[in-house]
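All remarks here apply to the structure that follows.
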Amino acid sequence: MTIEIGLVYDRIRWEEKQLLKAAQDREIKVKMVDSRKESVNLLSNYEEIRETFGDPVLQRCISYFRGLHLTAILESKGVRVVNSFDVSLKCGNKLFTTLTLSKAGVPVPETMAAFTMDGVFKALNDLGYPAVLKPVVGSWGRLMAILKDKETTQAIIELREKINNALLQIYYVQKWVDRPPRDIRVMVVGDEVVVASYRYSPVDDWRTNVARGGKSEVCPITPELEEVALKAAEAVGGGVLAVDCMESREKGLLVHEVNNTVEFRGLASTTNVDIAGKIIEYVAGVVKR
Amino acid sequence: MRWVKARCPECDGEIEVYDDVINGEIVTCPECGMDFEVVIEEKGEIKLVPAEVEGEDWGE
């Protein structure tokens, strides 16, 4: 049976075009599925689901919850999805990611959780100022805040309390990591480190997200970096992942995030490695494993 | 590769779209900055509809 990869998306970014081209170059059939246009009968069987979505599926939804729920349906019907539901669940929530990595012995920044303003101040007694407050679910650095002192912390928590979103009442507070003004993104596909890049924050922002204008530069893959990245990827369940690390002056490499719907345009600008090709070959190979 | 010209539904500015554009791709009007999603209709005509606004769970 010839395989047909389902590329499930909700927005065609540069990455999706590269993935489609990589598949065409390899003469691998791809079914482009716009998740926004679909409705799925939860009682349908594997054949019906495969007819619409293909098998295996490369989940590329830009909306985290849309992708996660669709993956749950596809997997329960027997379709192999990259990344899996379990991986997406762990990577899509920073608190779950930190717990998973820490349990597996991957070095992570010192992090505390709290559920109220009082709890945040209690955490800050331990962590000290400045600290970083991150939403547990969220990307591109949205709503990340540096807690510089008691007054700004109070204002930020008050504002978050006013936002009618239950997830924003989970406070994930991280100790400020003394590091160079950059982080390292390592792309892992299966059990291979494909490429790594430094990400520098733009002049007018402290966050390094490429979506915020951060710039990528080549980063050598040292044995230490490779070991940490592979261990982190394995800890969350493996697949197509981007492991983000910080270089702590005190503790060495610390993993602060593992991304499960990787945007690799910044990475691609630093390398000749065919990232999209590696991903497509991995997904095509999933059916054989 | 050729360019196809389309009109911005917002400001009537001229938007150039590659002729190998994929359904669902996003183009930005160089004049007013609005983002549009490309919809390729049955006869191959290109239609531009306002792009979905960034959601709080968007991103990697």
Side-chain angles (χ1 to χ4, degrees), chain A residues 7 9-21 30 32-37 60-69 83 88 91-93 135-143 163 165 167-168 185 187 209-212 240-242 244 257-267, chain B:
Chain A
L7 201 159
Y9 69 94
D10 50 14
R11 173 170 280 207
I12 299 286
R13 291 166 285 187
W14 179 87
E15 285 84 353
E16 281 66 46
K17 291 176 73 176
Q18 297 301 309
L19 290 163
L20 180 60
K21 188 174 172 301
V30 170
M32 298 294 284
V33 186
D34 184 346
S35 57
R36 298 167 304 170
K37 308 270 164 68
R60 292 290 310 173
C61 282
I62 200 168
S63 157
Y64 170 62
F65 287 114
R66 194 183 277 156
L68 183 72
H69 287 79
N83 289 312
S88 308
C91 294
N93 181 308
V136 285
V137 174
S139 322
W140 297 340
R142 268 187 311 266
L143 286 178
I163 302 174
N165 178 328
L167 275 173
L168 286 178
R185 161 158 293 202
M187 176 99 200
N209 304 72
V210 174
R212 296 265 166 248
V240 175
L241 300 160
D244 291 345
E257 204 172 308
V258 182
N259 296 280
N260 67 303
T261 314
V262 185
E263 289 166 351
F264 52 87
R265 193 174 188 175
L267 271 169
Chain B
M1 200 159 330
R2 277 192 322 114
W3 292 102
V4 183
K5 289 191 193 326
R7 284 280 168 199
C8 172
E10 186 72 18
C11 76
D12 205 36
E14 207 167 74
I15 302 177
E16 292 180 322
V17 185
Y18 279 118
D19 64 355
D20 67 344
V21 71
I22 300 173
N23 225 345
E25 216 173 301
I26 303 297
V27 292
T28 303
C29 173
E31 291 182 36
C32 72
M34 272 282 283
D35 286 338
F36 297 98
E37 182 178 330
V38 173
V39 177
I40 303 169
E41 298 194 305
E42 270 181 32
K43 288 176 186 166
E45 272 177 35
I46 285 174
K47 193 174 134 192
L48 300 179
V49 300
E52 228 184 334
V53 179
E54 179 180 329
E56 61 176 317
D57 70 337
W58 277 28
E60 38 173 10

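Lettering follows sequence order; numbering is per chain, from 1.
Summarising the local packing, CD of B:Glu56 is surrounded by 12 or fewer heavy atoms from other residues, nucleotides or ligands at distances under 6.0 Å.
When A:Arg11, A:Lys21, A:Arg60 are each tested for a salt bridge (charged side-chain N to carboxylate O under 4.0 Å, His left out) with A:Glu16, only one passes: A:Arg60.
Scanning both residues, A:Leu20 and B:Ile22, for their nearest heavy atoms gives CD2-CD1, 3.7 Å. Pairing each heavy atom of B:Ile26 with each of B:Asp35, the nearest pair is CG2-CB, 4.0 Å. Nearest approach of A:Val137 to A:Gly92, heavy atoms of both residues: CG2-O, 3.5 Å. B:Pro30 and B:Ile15 get closest at one heavy-atom pair: CD-CG1, 4.1 Å.
Contact residues of residues 258-267 of chain A toward chain B are A:Asn259, A:Thr261, A:Val262, A:Glu263 (heavy-atom distance under 4.5 Å). Identified by a heavy-atom distance below 4.5 Å to chain A, the contributing residues of residues 37-52 of chain B are B:Glu37, B:Ala51, B:Glu52, in residue-number order.
Rounded to the nearest 0.5 angstrom, A:Asn83 CG and A:Leu68 CG are separated by 11.5 Å.
A:Leu167 does not touch chain B: none of its heavy atoms, backbone or side chain, sits under 4.5 Å away. For chain B, the nearby parts of A:Arg66 are the backbone and the side chain; heavy atoms of each come within less than 4.5 Å.
A:Ser63 places no side-chain N or O within 3.5 Å of a backbone atom of B:Trp58 that could act as its donor or acceptor partner. Under a 3.5 Å cut-off, the side chain of A:Asp10 and the backbone N or O of A:Ile62 do form a donor-acceptor pair.
For the pair A:Arg13 and B:Glu60, the salt-bridge criterion is not met [side-chain N within less than 4.0 Å of a carboxylate O].
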